[in-house]
Amino acid sequence: MTKTKEQVAKALAETGYVADEGLATALLLTEMLDRPLLLEGEAGVGKTEVAKALSRLENTALIRLQCYEGLDRSDAIYEWNYQRQLLAIKAREGSGEDAEAVEEAIFSEKYLLERPLLAAIRQDRAPVLLIDEIDRADEEFEAFLLEILSDYQVSIPELGTVAATTIPRVVLTSNGTRELSDALRRRCLYHYVDYPTPDREARILLSRVEGLDAALALQIAELMGKLRKEDLAKVPGVAETIDWAAALLGLGAKNLHDSRELVFDTLACVVKTREDRARVSPEVTDRLLGKVA
């Protein structure tokens, strides 16, 4: 990667991700210090997209581990292909091989199923490892994860310790649904990803919605910023803004003040619950539009 935060931000923008200075600096430091990066923030602010943009920037593979309650070693690190092992045992019946030889044969690389964490450290070219929504995993899972993040190796009882071929660039994301352990936080660099400012969100729209006018992009971003300040059960994220902009553009909007009815009719792109739809009435929409330049 390039070596200044300005160069990092520019390179990310070329991949389609518009980063602020804080995030660009954090990504620069992860390379300098060879440390994982923990990104926290509300759902929909673009945390997962950071890893995707980083993999595009470095022209390397993205390996993703989606976390959930009950995630364990067999889902995240490795698992044996038990069906093939059973078939191999049956095929050897009557061959005269002793039990130790059969065991050595079936607990070999041929029958090992790599899961994301093991796969990430065995690549010939260092990938980007995305550990998405780590706060959804159980606290016990963090202990397994720390072995990977501390030593970049995996202990497999039947094979021994598997050391890393390459060290992946690690990005962890959290929506803050539970507090993460101090041990995990100490291992990582940290950045909080907030909702973008209207100017930055307008730049995001221009990079993602082909044919969008700069003035209209800024209007949409300003309106979205004001909508997020309403008392909503589900605050819309950047992905919803992109959908909304594409919808408004596709339906012929050129200026939001001239398209008030269209703005309200397309709220399905950004307001995703029945309660929020009731809150954002035509009157509320007009009030918010009145604050947009």
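Everything numeric here is computed off the predicted structure, so don't read it as measured data. The residues of the chain are indexed from 1 along the displayed sequence.
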- Message: Has Arg208 got a side-chain atom pairing as donor or acceptor with Gly16's backbone, closer than 3.5 angstrom?
- Response: yes
- Any salt bridge between Asp286 and Arg260, counting N to O under 4.0 Å? yes
- Task: Please say whether more than 12 non-hydrogen atoms of neighbouring residues, nucleotides or ligands are located less than 6.0 Å from CD in Glu21.
- Result: no
- Any cation-pi pair here, Arg277 with Phe264, using under 6.0 Å and within 45°? yes
- Pairs meeting criterion ring pair (Phe, Tyr, Trp, His ring centres under 6.0 Å) with involvement of residues 269-293, two or more places apart: none
- Item | Non-hydrogen side-chain atoms of Trp244 and Leu205 separated by less than 4.5 Å | no
- Task: Taking atom CD of Glu230 as the centre, report whether more than 12 heavy atoms of other residues, nucleotides or ligands fall under 6.0 Å from it.
- Result: yes
- Would a distance-only check, ignoring hydrogens and angles, find a side-chain to backbone donor-acceptor pair under 3.5 Å from Gln123 to Ala119? yes
Can you give each donor-acceptor pair under 3.5 Å made by side-chain atoms of residues 76-83, sequence neighbours left out, with the distance rounded to 0.1 Å?
from	atom 1	to	atom 2	distance (Å)
Glu79	OE1	Arg115	NH2	2.5
Trp80	NE1	Glu158	OE1	3.3
Asn81	OD1	Arg84	N	3.2

- Hey, is the main chain of Glu133 close enough, under 3.5 Å, to the side chain of Thr173 for a donor-acceptor pair? yes
- Would you say Thr266's side chain and Leu248's backbone share a donor-acceptor pair under 3.5 angstrom? no
- Look up atom OG in Ser259 and atom CG in Leu251, then write down how far apart they are to the nearest 0.5 Å. 9.5 Å
- Query: Under 3.5 Å, side chain of Arg136 to main-chain N/O of Glu69, donor-acceptor pair present?
  - Reply: no
- Message: Tell me whether Asp199 contacts the main-chain N or O of Ala202 through its side chain, where contact means a donor paired with an acceptor under 3.5 Å.
- Response: no
- Could you tell me whether Glu179 and Arg185 have a side-chain N and a carboxylate O separated by less than 4.0 Å? yes
- Message: Going by side-chain hydrogen bond (donor to acceptor under 3.5 Å, both in side chains), name the residues that satisfy it together with Thr165, two or more places apart in sequence or in a different chain.
- Response: none
- Task: Report yes if the side chains of Thr241 and Pro236 come closer than 4.5 Å at any heavy-atom pair, otherwise no.
- Result: no
- Message: When you compare the side chain of Pro196 with that of Val238, does any pair of heavy atoms fall below 4.5 Å?
- Response: yes
- Side chains of Asp124 and Thr166: does their closest heavy-atom pair fall under 4.5 Å? no
- Check for a donor-acceptor pair, side chain of Arg64 on one end and backbone N or O of Ala51 on the other, with a separation under 3.5 Å. no
- Sub-3.5 Å donor-acceptor pair from the side chain of Lys5 to the main-chain atoms of Leu28, do we have one? no
- Look at the side chain of Asp138 and the backbone N and O of Phe141, then say whether any donor-acceptor pair between them is shorter than 3.5 Å. no
- Show the numbers, then the answer: is there a side chain to side chain donor-acceptor pair (under 3.5 Å) between Asn175 and Thr177? CA-CA 6 Å; Asn175 296 333; Thr177 59; over 6 Å; no
- Query: Is Arg122 salt-bridged to Glu114, cutoff N-O under 4.0 Å?
  - Reply: yes
- Note on the structure: Smallest heavy-atom separation, Ala253 atom then Leu216 atom, equals O-CD2, 3.4 Å
- Message: Can you give me the closest heavy-atom contact between Arg279 and Asp231, atom names plus distance?
- Response: CD-O, 3.0 Å
- Query: Taking NZ, NE, NH1 and NH2 as the nitrogens, is one of them in Arg228 or Glu42 under 4.0 Å from a carboxylate oxygen of the other?
  - Reply: no
- Do Gln153 side-chain atoms and Thr161 backbone N/O form a donor-acceptor pair below 3.5 Å? no
- Test: Lys234 and Asp276 ion pair at under 4.0 Å: no
